[in-house]
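In what follows, a single structure is set out as structure tokens and then discussed.
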Amino acid sequence: MTNKFTEIQKFLEANDSEMTFLTNPTTINYLTGFESDPHERIMGLMIFTDRDPILFTPALEVEPASNIVDFDVFGYTDNENPWEAIQSHVGNLDVKKIAVEYEDINLKKSQGLQSVFGNEFVNISPLIQRLRIIKSEDEIEKMMVAGDYADKAFEIGFKYAAENPGATEMDVIAKIEYEMKRLGISKMSFDTMVLTGDNAANPHGMPGTNVIERNRFLLFDLGVMKNGYASDATRTISIGKPREFDTEIYNIVLEAQLAAMDFAKPGVTANEIDKVARDVITKAGYGEYFTHRTGHGIGMDCHEFPSLGGVDDVVMEKGMCFSIEPGIYIPGKVGVRIEDCMHMTDTGVVPFTKTSKDLLIFE
């Protein structure tokens, strides 16, 4: 039994709960080492206070899962009712309360669980978040590798955009993702964004057939999945000589990001980091154009707990991994975001990505 399972059993005992039914594939991977996407099928990790764990998977996953975990694995075929299969396998357990991740339990799953076990749920998400928020040295090493690949992706994208007049946003994205696959990256950590000119003024702009504009900013937001861990970074460059106003905005955003990174140390809070970045941009007169939080956690998922700027504040600790990504987005004029993800050490932060943050101008 791993320490993680022991912590979960302590949670169950403290909350008068007899078992978990964890269905988030990333959580199951984190706790067991078994990676799978069941799609619309049911997969669940059952951890008990008084018996060995059980992993329930679609039938086609039973053998690979059994090769990974050292406890009981059973499954169901597509023509079986998964909840009836669970009932048949585990029998009539006396369960009053089931620990689940509220964010991952939809109505269909909750009704299925209630049909087998009982009616009351307890939210185990805060504990799972707490377990995942502090990364081990091994996890951080994997994220450093993922960051290196993000740097390679920037290099490929910058070069292609600069050397191919008439290329569109989607052309640049296609080049990046093609070359990443050639390097062994099976998937990006999210849909790659390459946004030119006014399109970069939308924080979640949609790339399209827009031709890369000369003498305008070009925003890249990208990351990869490598060894089960994500990278995520943003750089804004200029194709041709940028306008003076655009350069001014860029320098403000860079100042905000560097100030927040310099401030980030164990003992400060996530929202204090957000405030440092936000204060720089507000003081410069552009606070209304910084429309999102300063950062988010990262690990096996690209977006994890905690949020840097939000309702739930967190004291930062060694081993936490997160982004710092301030931006200014002025509709019809300019959009700039600069982002690195990083890990917290005893004294400050170390970024996973190393691509220069000087304003890169490609003539």
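This one's a predicted model, so the numbers in the text were calculated from it and none came from an experiment.
- Atoms CG and CD, from Asp50 and Glu13 in turn, are 9.5 Å apart once rounded to the nearest 0.5 Å.
- Looking at every heavy atom in both residues, Asp171 comes nearest to Gly166 through OD2-O, 4.4 Å.
- A salt bridge links Asp138 to Lys142: at least one charged side-chain nitrogen sits closer than 4.0 Å to a carboxylate oxygen.
- The pair Lys4-Glu7 does not count as a salt bridge, with every side-chain nitrogen at least 4.0 angstrom from each carboxylate oxygen.
- The cationic atom of Arg278 (NZ for Lys, CZ for Arg) lies less than 6.0 Å from the six-membered ring centre of Phe290 and within 45° of the ring axis.
- Using a 4.5 Å heavy-atom cutoff, the side chains of Glu120 and Lys96 are not in contact.
- No more than 12 heavy atoms of other residues, nucleotides or ligands shown are found within 6.0 angstrom of CG on Asn92.
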Steps toward side chain to side chain contact (heavy atoms under 4.5 Å, CB included) verdict (Met344, Ile134)
CA-CA 9 Å; Met344 185 72 80; Ile134 305 296; over 6 Å; no

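- Atom-to-atom distance recorded for Leu360:CG and Thr236:OG1 is 10.5 Å, nearest 0.5 angstrom.
- You'll find the side chain of Asp52 stays beyond 4.5 Å of the side chain of Asp72, heavy atoms only.
- In the hydrophobic clustering of this structure, Val172 does not group with Ile361; members are Ile, Leu, Val, Met, Phe, Trp, Tyr whose side-chain heavy atoms approach within less than 4.5 Å, directly or through other members.
- At least one test fails for Lys97 against the ring of Phe121: distance under 6.0 Å to the centre or angle within 45° of the axis.
- Taking the charged nitrogens against the carboxylate oxygens, Lys354 and Asp340 have no contact shorter than 4.0 Å, which rules out a salt bridge.
- Annotation: cation-pi geometry not satisfied between Lys175 and Tyr178 (NZ/CZ under 6.0 angstrom from ring centroid, within 45° of ring axis).
- Distance alone, capped at 3.5 Å, places no donor-acceptor pair between the Gln111 side chain and the Ser115 backbone.
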Please determine whether side-chain hydrogen bond (donor to acceptor under 3.5 Å, both in side chains) holds for the pair Thr209 and Glu169, giving the CA-CA distance in whole Å, both sets of side-chain angles, and the decisive distance to 0.1 Å.
CA-CA 6 Å; Thr209 57; Glu169 294 166 332; over 6 Å; no

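- Across all their heavy atoms, Phe11 and Ala99 have their closest contact at CE2-CB, 4.1 Å.
- When all heavy atoms are compared, the tightest approach of Ala65 to Val73 is CB-CG1, 3.9 Å.
- Side-chain atoms of Met225 and Ile185, non-hydrogen and from C-beta on, never get closer than 4.5 Å to each other.
- Environment of CD in Glu80: crowded, with over 12 heavy atoms of neighbouring residues, nucleotides or ligands closer than 6.0 Å.
- Look at Glu317 and Arg130 and you find a salt bridge, because one of the NZ, NE, NH1 or NH2 atoms lies within 4.0 Å of a carboxylate O, short of that distance.
- Put simply, the side chain of Asp104 gets close to the backbone of Asn24: a donor and an acceptor are under 3.5 Å apart.
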What's the verdict on side-chain hydrogen bond (donor to acceptor under 3.5 Å, both in side chains) for Asn79 and Thr77, showing C-alpha distance, side-chain angles and the deciding distance?
CA-CA 5 Å; Asn79 62 354; Thr77 62; 2.4 Å; yes

Please lay out, stage by stage, how Thr49 and Gln9 fare under the test side-chain hydrogen bond (donor to acceptor under 3.5 Å, both in side chains).
CA-CA 5 Å; Thr49 56; Gln9 289 178 322; over 6 Å; no

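- More than 12 heavy atoms of other residues, nucleotides or ligands sit less than 6.0 Å from atom CG of Asn123.
- Taking CZ from Phe217 and OG1 from Thr247, the interatomic distance works out to 5.0 Å, rounded to the nearest 0.5 Å.
- Residue Phe263 holds its CZ atom at 4.5 Å from CD of Glu272, rounded to the nearest 0.5 Å.
- A donor-acceptor pair under 3.5 Å is formed between the side chain of Ser189 and the backbone N or O of Ser231.
- How far OG of Ser307 is from CG of Asp313: 9.5 Å, rounded to the nearest 0.5 Å.
- The shortest distance between side-chain heavy atoms of Pro25 and Met43 falls below 4.5 Å.
- At a threshold of 4.0 Å, the pair Lys333-Asp246 does not count as salt-bridged, since none of the basic side-chain nitrogens sits closer than that to a carboxylate oxygen.
- At least one side-chain heavy atom of Ile140 sits less than 4.5 Å from a side-chain heavy atom of Cys321.
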Decide salt bridge (charged side-chain N to carboxylate O under 4.0 Å, His left out) for Glu304 and Lys135; before the verdict, give the C-alpha distance in whole Å, the side-chain angles of both, and the deciding distance to 0.1 Å.
CA-CA 12 Å; Glu304 293 188 355; Lys135 270 61 175 183; 2.8 Å; yes

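- Taking the six-membered ring where tryptophan is involved, the planes of Phe21 and Trp83 are tilted, since the angle between them lies from 30° to 60°.
- Proximity of Phe154 to Ile237: side-chain heavy atoms (C-beta onward) are nowhere separated by under 4.5 Å.
- The closest donor-acceptor contact from the side chain of Tyr76 to the backbone of Ile42 lies under 3.5 Å.
- Here the two rings, on His292 and Tyr329, have centers that are under 6.0 Å apart.
- Between Asp148 and Lys226, no side-chain nitrogen of the basic residue sits less than 4.0 Å from a carboxylate oxygen of the acidic one, so the salt-bridge criterion is not met.
- Arg337 has a carboxylate O that lies under 4.0 Å from a charged side-chain N of Asp221, or vice versa, which qualifies the two as a salt bridge.
- Side-chain atoms of Lys265 come within 3.5 Å of backbone N or O of Asp262 as a donor-acceptor pair.
- Crowding of Glu35 atom CD: a count of heavy atoms from other residues, nucleotides or ligands under 6.0 Å not exceeding 12.
- For CD of Glu363, the number of neighbouring non-hydrogen atoms (other residues, nucleotides, ligands) closer than 6.0 Å is greater than 12.
- Close placement of the His343 and Phe352 rings is indicated, their centers lying within 6.0 Å of each other.
- A salt bridge links Asp279 with Lys275; the closest basic N to acidic carboxylate O contact falls under 4.0 Å.
- Nearest heavy atoms, Ile273 versus Ala264: CD1-CB, 3.7 Å.
- At least one cation-pi condition fails for Arg243 and Phe245: the charged atom is not both under 6.0 angstrom from the six-membered ring centre and inside a 45 degree cone around its axis.
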Run the side chain to side chain contact (heavy atoms under 4.5 Å, CB included) test on Tyr229 and Glu139 for me, step by step, so that the C-alpha distance in whole Å, both residues' side-chain angles and the decisive distance to 0.1 Å come before the verdict.
CA-CA 8 Å; Tyr229 285 80; Glu139 288 179 293; 2.6 Å; yes

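- Two residues are said to be in side-chain contact when any heavy atoms from C-beta on lie closer than 4.5 Å; Met143 and Cys341 fail this criterion.
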Should Asp198 and Arg216 be marked as a side chain to side chain contact (heavy atoms under 4.5 Å, CB included) after you check the CA-CA gap, both sets of side-chain angles, and the distance that decides it?
CA-CA 9 Å; Asp198 292 349; Arg216 299 294 303 276; 2.7 Å; yes

Criterion side chain to side chain contact (heavy atoms under 4.5 Å, CB included) on Phe71 and Phe5, from CA distance to verdict:
CA-CA 13 Å; Phe71 47 81; Phe5 279 47; 4.0 Å; yes

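- Nearest heavy-atom pair, Gly44 versus Thr23, reported as atom, atom and distance to 0.1 Å: CA-CG2, 4.4 Å.
- Other residues, nucleotides and ligands place no more than 12 heavy atoms under 6.0 Å from the NZ atom of Lys159.
- At least one side-chain heavy atom of Pro207 sits under 4.5 Å from a side-chain heavy atom of Leu195.
- The distance from the CD1 atom of Ile8 to the CG atom of Leu31 is 4.5 Å, given to the nearest 0.5 Å.
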